[in-house]
Amino acid sequence: MDAMGRSTKSSSEGSKTASGTPGADTALGSDFLQLDIGQAPPGGRTAWLADRLRSAIADGRLPVGTRLPASRVLAGELRVTRGVVTEAYRRLAESGQIAGRGRLGTVVVAAPAAPVAPAGPRESAHEASVPGPGSALFASAVRDGVVDALRALPCRIDLSPGLPDLAAFPRTAWLRAERAVLAGVTPADFGYGDPRGAPALRRAVVGWLARNRGIRADPDEVVVVAGVAQAFSLLGKLLRAEGVHRVAVEDPGSLGARQQLEYGGHTVVPVPVDAGGLDVGALRACGARAVLTTPAHQFPTGVVLDGERRRELLSWATAGGVVIEDDYDAEHRYDRPPVPALRSLLPDGVCYAGSVSKLLAPALRVGWLLVPPDRLDAVVTAKRYADLGNGILTQLVLARLMDSGELERHLRHVRQRHRRRRDAMLRAVEARLPGARVHGAAAGLHLMVTFDDLGAGLRDTDLAAAALERGVKVHPLSWHRLTPGPPGLVLGYAAGAAHEVDEGIALVGEALGTLTGGG
């Protein structure tokens, strides 16, 4: 099983990683079932892990046929000795629920006759104008298409937020899965399918969300969409039909998401974000009936919606508010435990949107949308009339990657690469940007930096323009604000190698020095 048939010390409850070194380069907790080893009682980690696995098998999050993570992988993610995991697996094997299948790994083979109550997720409680092409782009007020205009400009180094490591796209695995799909499809598969998406992908998405985001759903509840942008478009039509024309958004928050709502005819209402996330009291006071939020990793600040705010927001939703949860990059985390999705806590009150844009590539244009049952038919109808459904082959290939475990392997691979680049950016910011304060370093694909004072009436758009003149693309923080706030930059680190990140920040520092007279 990799866990079965090997001799281990069943009493091992150590907290070292598999390498034996505390604090190894792994994230705290595991995306698999949202496991957080901090929930385990001292000396009882094996029993705790076995109970969590048994509960997930009983309630359907791990259906028969699901392959469990290799014991060394799960031990590394949880920062426990491998013996803790292998002993937990052994206990489930003895009860006949899992079994080793050779090269296939450890597989769920049976569910218990009586359901076991799952352990509830623990809520986290944290957590001067420059000449050249940049001047025209950054000097005027933020306009539609400004992000696309910046994206189209040539540059040496792109530190724009929102870009994953595109060079790491798993081409070999994708081609292998594509060949297998093409070998198995029938002529009927090339016809018009279900506008909700291919059944195989909807089933795979349900499994992915159960394992990695703590969400329990039925495949019939999933609507496959052309990225989160289309999810917002479909939800916008739904809200307008319900008479909702004002939508609250986080401030600061995503410029792209805000413009998507405005293009759909909505008035966006800013709600402040602080160290606890979205200010739910301000949300109640603004009178908007819907809110777009990024609770697991707020964009761009990186804060996590804390436990008390989560309860307040879900109470607001229960009273009739519409929560749109944009789970845009929750898989990418480095120094904190996984955060459960809001949808996992209130399925009937949260519209949930996710995609593979930050995990594989935006070019795939594949995402998913889950809405409460009373809104599902309206969303499916809107999707049907929008495009009759996504392309089938990409859906089937993605489903195969999810079902085979290739997507989890890819996530582990890029997480390591992203972490190295994140660390390189942190070092560079400390060395090259005096006075910069870093926010949101524990997760995601970007950092936010703020400056208490740029000096001499300078704006963050001036700094972004000066950086672009040196061949570096960054986002000024003011682009993502609706109300005034400290100047800053939003800096993506995932798309380039560590040395490019370091060089890019050095050039931003050079631009800052020139503007302030320090260089």
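These figures come from a predicted structure and were not determined experimentally. The first residue of the sequence shown is numbered 1, and numbering continues consecutively from there.
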Problem set entry | Pairwise distance CZ(Arg101) to CG(Leu68) - rounded to 0.5 angstrom | 11.5 Å
For this session: Determine whether Leu235 and Val371 make a side-chain contact, defined as any pair of heavy atoms from C-beta on separated by less than 4.5 Å.
Result: yes
Problem set entry | Ile37 and Arg45, any side-chain heavy atoms less than 4.5 Å apart | yes
Exercise. Could you state the interatomic distance from OG1 (Thr86) to CZ (Arg72), rounded to the nearest 0.5 Å?
Worked result: 12.5 Å
Exercise. Is any NZ, NE, NH1 or NH2 atom of the basic residue among Asp306 and Arg310 found under 4.0 Å from an Asp or Glu carboxylate oxygen of the other?
Worked result: no
For this session: Say whether Asn212 and Gln34, considering side chains only, have a donor N or O and an acceptor N or O under 3.5 Å apart.
Result: no
Exercise. Between Asp403 and Arg67, is there a side-chain N and carboxylate O pair less than 4.0 Å apart?
Worked result: no
For this session: Nearest 0.5 Å please: distance from the CG atom of Leu370 over to the CG atom of Leu376.
Result: 9.0 Å
Exercise. How far apart are the closest heavy atoms of Leu345 and Leu314, and which atoms are they?
Worked result: CB-CD1, 3.7 Å
Problem set entry | Cationic N near anionic O, under 4.0 Å, Asp335 to Arg419 | yes
Problem set entry | Taking every non-hydrogen atom, the tightest pair across Leu92 and Ala50 | CD1-O, 3.6 Å
Seminar exercise, completed: By side chain to side chain contact (heavy atoms under 4.5 Å, CB included), Glu430 pairs with (sequence neighbours left out) none
Problem set entry | Leu411/His332 under side chain to side chain contact (heavy atoms under 4.5 Å, CB included): CA gap, chis, key distance, verdict | CA-CA 8 Å; Leu411 173 58; His332 303 289; 4.2 Å; yes
Exercise. Which heavy atom in Gly96 sits nearest to a heavy atom in Ala110, and how many Å separate them?
Worked result: O-CB, 3.5 Å
Problem set entry | Test item: side-chain donor near acceptor, Ser315 and Glu312, under 3.5 Å | no
Problem set entry | Distance in Å, Leu447 CG paired with Leu159 CG, rounded so as to fall on 0.5 Å steps | 10.0 Å
For this session: For residues Met448 and Val303, determine if any side-chain heavy atom of one lies less than 4.5 Å from a side-chain heavy atom of the other.
Result: no
For this session: Taking atom types as modelled, find out whether Glu250 and Thr293 have a side-chain donor-acceptor pair closer than 3.5 angstrom.
Result: yes
Problem set entry | Pairing of Asp51 and Arg54 as salt bridge, 4.0 angstrom limit | yes
Exercise. What about His446 and His418, are their ring centers closer than 6.0 Å?
Worked result: no
Exercise. Considering all heavy atoms of both residues, which atom of Gly440 and which atom of His297 are nearest to each other, and what is their separation?
Worked result: O-NE2, 4.0 Å
For this session: Using distance alone, with no hydrogens and no angle criterion, decide if Arg52 and Gln39 have a side-chain donor and acceptor under 3.5 Å apart.
Result: yes
Exercise. For residues Ser404 and Glu406, is any side-chain donor paired with an opposing acceptor at under 3.5 Å?
Worked result: no
Exercise. Of the non-hydrogen atoms in Met402 and Glu408, which two are nearest, and what is the gap between them?
Worked result: O-OE1, 4.1 Å
Exercise. Rounded to the nearest 0.5 Å, how far apart are CG of Asp326 and CG of Asp329?
Worked result: 9.0 Å
Acceptor/donor pairs from residues 348-361 side chains to any protein atom, 3.5 angstrom cut, sequence neighbours excluded:
from	atom 1	to	atom 2	distance (Å)
Tyr352	OH	Asp327	OD2	2.5
Ser355	OG	Ser357	N	3.1
Ser355	OG	Ser357	OG	3.4

Exercise. With distance as the sole test, does Gln97 use its side chain to make a donor-acceptor pair with the main-chain N or O of Ala93 at under 3.5 Å?
Worked result: no
For this session: Output the distance between atom CZ (Arg422) and atom OH (Tyr334), rounded to the nearest 0.5 Å.
Result: 7.5 Å
Exercise. So, for Leu445 and Pro164, which heavy atoms are closest and what is the spacing to 0.1 Å?
Worked result: CD1-CA, 4.0 Å
Exercise. Without hydrogens or angle criteria, can the side chains of Gln260 and Ser233 be said to hold a donor-acceptor pair below 3.5 Å?
Worked result: no
Exercise. Can the ring centres of Phe299 and His480 be said to be less than 6.0 Å apart?
Worked result: yes
Problem set entry | Asp31/Arg415 ion pair, N-O < 4.0 Å | yes
